[in-house]
There are 2 protein chains.
Amino acid sequence: MAQDQDRPRKRRGAGRVTLNQVAREAGVSAISVSRHFNQPEQVSAELRERIQAVVERLGYVPNLVAGGLASARGRIVGMVVPNISGPIFANTIQGFSDTLAGHGYQLLLASSYFSTEQEESAVRSFLGWSPAALAVTSHFHSEGTEKLLADADIPLVEVWDYQPRRTPIQVGFLHYDVGVMSARHLLDKGYRRIAFVQNSAAGDFSALDRRDGYADTLREAGLEPWVFVPSSDSAPFEAGKQAMQHLMKRTPWPDAIIFANDNLAAGGLLAAQRAGLRMPEDCAVMGFGDYAFAELLLPSLTTVRPPSREIGEIAAQRVLQSLGALPAEQPVQRLNRLACKLVEREST
Amino acid sequence: MAQDQDRPRKRRGAGRVTLNQVAREAGVSAISVSRHFNQPEQVSAELRERIQAVVERLGYVPNLVAGGLASARGRIVGMVVPNISGPIFANTIQGFSDTLAGHGYQLLLASSYFSTEQEESAVRSFLGWSPAALAVTSHFHSEGTEKLLADADIPLVEVWDYQPRRTPIQVGFLHYDVGVMSARHLLDKGYRRIAFVQNSAAGDFSALDRRDGYADTLREAGLEPWVFVPSSDSAPFEAGKQAMQHLMKRTPWPDAIIFANDNLAAGGLLAAQRAGLRMPEDCAVMGFGDYAFAELLLPSLTTVRPPSREIGEIAAQRVLQSLGALPAEQPVQRLNRLACKLVEREST
DNA sequence: TTGTATGCGTTATCAT
DNA sequence: ATGATAACGCATACAA
């Protein structure tokens with residue numbers, strides 16, 4: 001007890017100001033200082049003022065680690081995405097992070113590079129931090145991940161896809177529908193020999209759903225699907241170029257091509273121009289993603305815009321509702337199917 | 001003691017498997033299980049095998065929160081950037097995160113939107129997690145932030161800038177030099193009426209350093225700097241367009257323009273083309289950033305490529321070295337000045 | 001509205 | 001190489 005009156009011995013603690021020191025200085029009990037931060041409405045104005053003064057004078061920063069241990073739930077949320085820097089997920093991360101930060105939650109972030117092992121490893125580490133909730137991308141996980149998540153017993157969100165039959169909260173859209181929408185757009189414009197170019201990145205299963213939507217739509221129209229697969233893991237622009245060169249050598253060549261994403265489409269567009277083709281007269285081109293450059297290309301690129309940022313924001317809202325940090329309408333809405341927008345430009 | 005033999009009471013703990021349970025099942029002491037994870041070389045092969053079997057059977061996940069509290073340092077590193085989704089910082093975040101993850105550290109991320117208040121708020125929250133280290137962007141901080149960081153007594157990195165006189169580890173480049181490099185490039189090509197277009201985003205102080213480098217270089221060459229400032233906080237493409245329209249009305253108009261970044265440059269390029277100008281014959285254009293679309297524009301855009309990903313990687317390495325998680329050459333290298341690359345394309 | 005006693009799950013320290 | 005014990009700083013449960 002006598003020792004406790006002194007500055008903490010610097011051997012373990014980093015010598016930081018603690019809640020107890022604040023309490024002593026303010027002449028109140030520790031729990032009152034705790035309440036001052038977590039349930040301020042339960043503390044009288046007078047006490048709060050006294051406490052706040054000491055907090056500022058001492059530069060006290062609450063130790064969230066200790067709080068997390070005591071309460072078994074930290075104000076921290078983990079998110080695993082395939083990558084951070086690509087044009088696809090960045091906005092989702094931003095929306096997720098911003099919405100969380102607005103309510104005092106912090107974001108723990110990791111990327112999987114479309115590898116389920118890396119995802120599992122990230123989820124495992126995250127769980128060690130007792131996160132309040134977890135968000136992962138789509139529904140392709142290893143068994144280990146599924147088990148970890150099932151045992152964790154915290155709110156779980158899957159973003160960028162929409163699988164009503166799965167238990168986690170879903171915030172995304174049906175990639176299959178994007179394929180349908182793209183194919184319909186081209187059919188409506190009168191194109192008939194419509195090809196689809198897959199993604200060169202292995203592991204992008206969502207792109208295969210889009211392909212299936214395209215293929216079914218063509219068959220329904222009495223047309224034969226025509227799928228080109230670039231060599232595995234070639235760089236996006238290159239893969240697009242490769243696809244375009246291959247397809248335009250066929251007789252007859254396609255009169256329209258749907259690329260798995262805008263990067264591939266841009267590569268294809270440039271290759272065609274260098275070969276002296278006029279787009280869209282000689283061949284129409286569509287992408288997916290509405291990356292920043294889509295409107296800057298010549299011709300500007302027709303594409304489908306996913307609700308990237310919105311996905312992140314809504315995912316965060318559902319998390320916050322599950323945690324009671326946000327008013328929830330009855331049970332938290334588990335199925336959140338958002339709309340993609342077809343952005344028609346010059347390339348079709 | 002008798003209670004402790006049972007499953008933990010579910011009132012507080014989330015009912016997760018604990019280190020003690022593993023220890024009991026394996027017939028060893030708790031500390032041995034702890035060592036199995038943190039200093040495996042200090043545990044005999046026999047014990048490790050026994051422990052590992054139990055860990056897997058029970059699905060034990062170490063509680064990093066408890067560990068963090070006990071050891072006063074969590075394997076977590078905070079990073080604050082102006083934004084996550086922009087083309088600028090995304091690669092730095094990715095490089096930082098990947099390098100850290102490779103050594104068992106997790107990334108806590110927040111964005112400041114160029115606001116020093118938001119940065120301070122993020123730093124404060126991060127510190128509550130006893131991070132092993134912290135990374136912030138450039139050297140423009142509030143006083144509060146400076147104080148928090150100074151008191152924190154953990155490795156601190158400033159990325160995306162290079163200020164030798166500051167105490168934190170610096171990983172970045174001299175924006176002033178980029179301005180010099182850009183201006184020299186244009187002077188060498190024979191351009192003489194060279195204008196500079198500032199960023200429309202307030203708070204981007206680094207862009208002002210680039211402008212200063214440009215201005216000094218022009219003066220040294222006996223030429224007058226010519227700076228255009230777009231209306232504040234207009235969208236990047238719009239700001240570029242606005243600048244181009246304004247500048248090309250002047251007589252004589254500039255024969256070359258340096259834009260504060262590639263977004264502005266793209267907006268300017270498109271506006272000029274719509275006005276029927278031929279680039280670079282009528283006016284050369286340069287940007288900064290080497291965004292993905294730079295090589296896709298027609299004409300493709302000459303620009304300066306910052307070492308974005310490298311900055312993140314080296315920052316992480318310096319952090320890991322400071323923490324002893326990576327072999328360090330003598331004291332950790334505090335000043336890390338990286339090179340930008342001028343990428344010459346068709347627009348100049 | 002305020003306070004007291006206790007334990008969260010791990011690691012540092014000291015011992016063997 | 002392995003173990004016993006005592007923190008780490010806070011929030012829960014209960015009491016006043």
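We name chains A, B, ... by the order of the sequence lines, and we start the count at 1 in each one. Worth saying up front: this structure is predicted, and the values here are computed from it rather than measured.
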Under 4.0 angstrom, heavy atoms only, what part of the nucleic acid is Leu64(A) near: base, sugar-phosphate, or nothing?
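Result for Leu64(A) = nothing.
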
Nearest whole angstrom, please: distance from the [atom2] of [N] to the [atom1] of [X].
X         : N       : atom1 : atom2 : result
Tyr60(A)  : dG9(D)  : OH    : P     : 10 Å
Gln21(A)  : dG9(D)  : CD    : C1'   : 11 Å
Phe37(A)  : dG9(D)  : CZ    : C1'   : 13 Å
Ile51(B)  : dA1(D)  : CD1   : C1'   : 12 Å
Gln39(A)  : dT1(C)  : CD    : P     : 12 Å
Leu69(B)  : dA12(C) : CG    : P     : 12 Å
Trp129(A) : dC8(C)  : CH2   : P     : 20 Å
Arg75(A)  : dC10(D) : CZ    : P     : 15 Å

Side chain of [X] only, heavy atoms from C-beta on: which candidate in [options] is closest?
X        : options                  : result
Ser71(B) : dA12(C), dC10(D), dT2(D) : dA12(C)
Ala70(A) : dG3(C), dG9(D), dT12(D)  : dG9(D)
Thr18(A) : dC10(D), dG3(D), dT12(D) : dC10(D)
Gln42(A) : dT2(C), dT2(D), dG9(D)   : dT2(C)
Ile31(B) : dG3(D), dT12(D), dC10(D) : dG3(D)

Can a salt bridge be assigned to the pair [X] and [Y] using a cut-off of 4.0 Å between side-chain N and carboxylate O?
X         : Y         : result
Lys147(A) : Glu143(A) : no
Arg35(B)  : Glu41(B)  : no
Arg166(A) : Glu146(A) : yes

Identify, between Val65(B) and Val28(A), the residue whose nearest nucleotide on DNA chain C lies closer to the 5' end.
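First, find each residue's nearest nucleotide; the 5'-ward one identifies Val28(A).
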
N/O (side chain, [X]) to phosphate O (OP1/OP2, [N]) under 4.0 Å:
X        : N       : value
Ser29(B) : dT2(D)  : no
Asn38(A) : dA11(D) : yes
Ser32(B) : dG3(D)  : yes
Ser44(B) : dA1(D)  : no

So that I know where these two stand, are Phe89(A) and Phe96(A) an aromatic pair - ring centroids less than 6.0 Å apart?
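No - the distance between ring centres of Phe89(A) and Phe96(A) does not fall below the 6.0 Å cut-off.
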
Find which nucleotide of DNA chain D each of Asn63(A) and Val43(B) is nearest to by heavy atoms, and output the residue with the more 5' nucleotide.
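Final value for this comparison: Val43(B).
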
Specify the residue among Ala66(B) and Ala45(B) whose closest nucleotide of DNA chain D lies further upstream toward the 5′ end.
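Upstream on the strand: Ala45(B).
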
Scan side-chain atoms only and decide if Ser142(B) and Glu117(B) contain a donor-acceptor pair under the 3.5 Å cut-off.
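Distance-only check fails for Ser142(B) and Glu117(B).
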
Minimum heavy-atom separation for Thr137(A) to Val81(A), with atom names?
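What the structure gives for the nearest pair is OG1-CA, 3.3 Å.
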
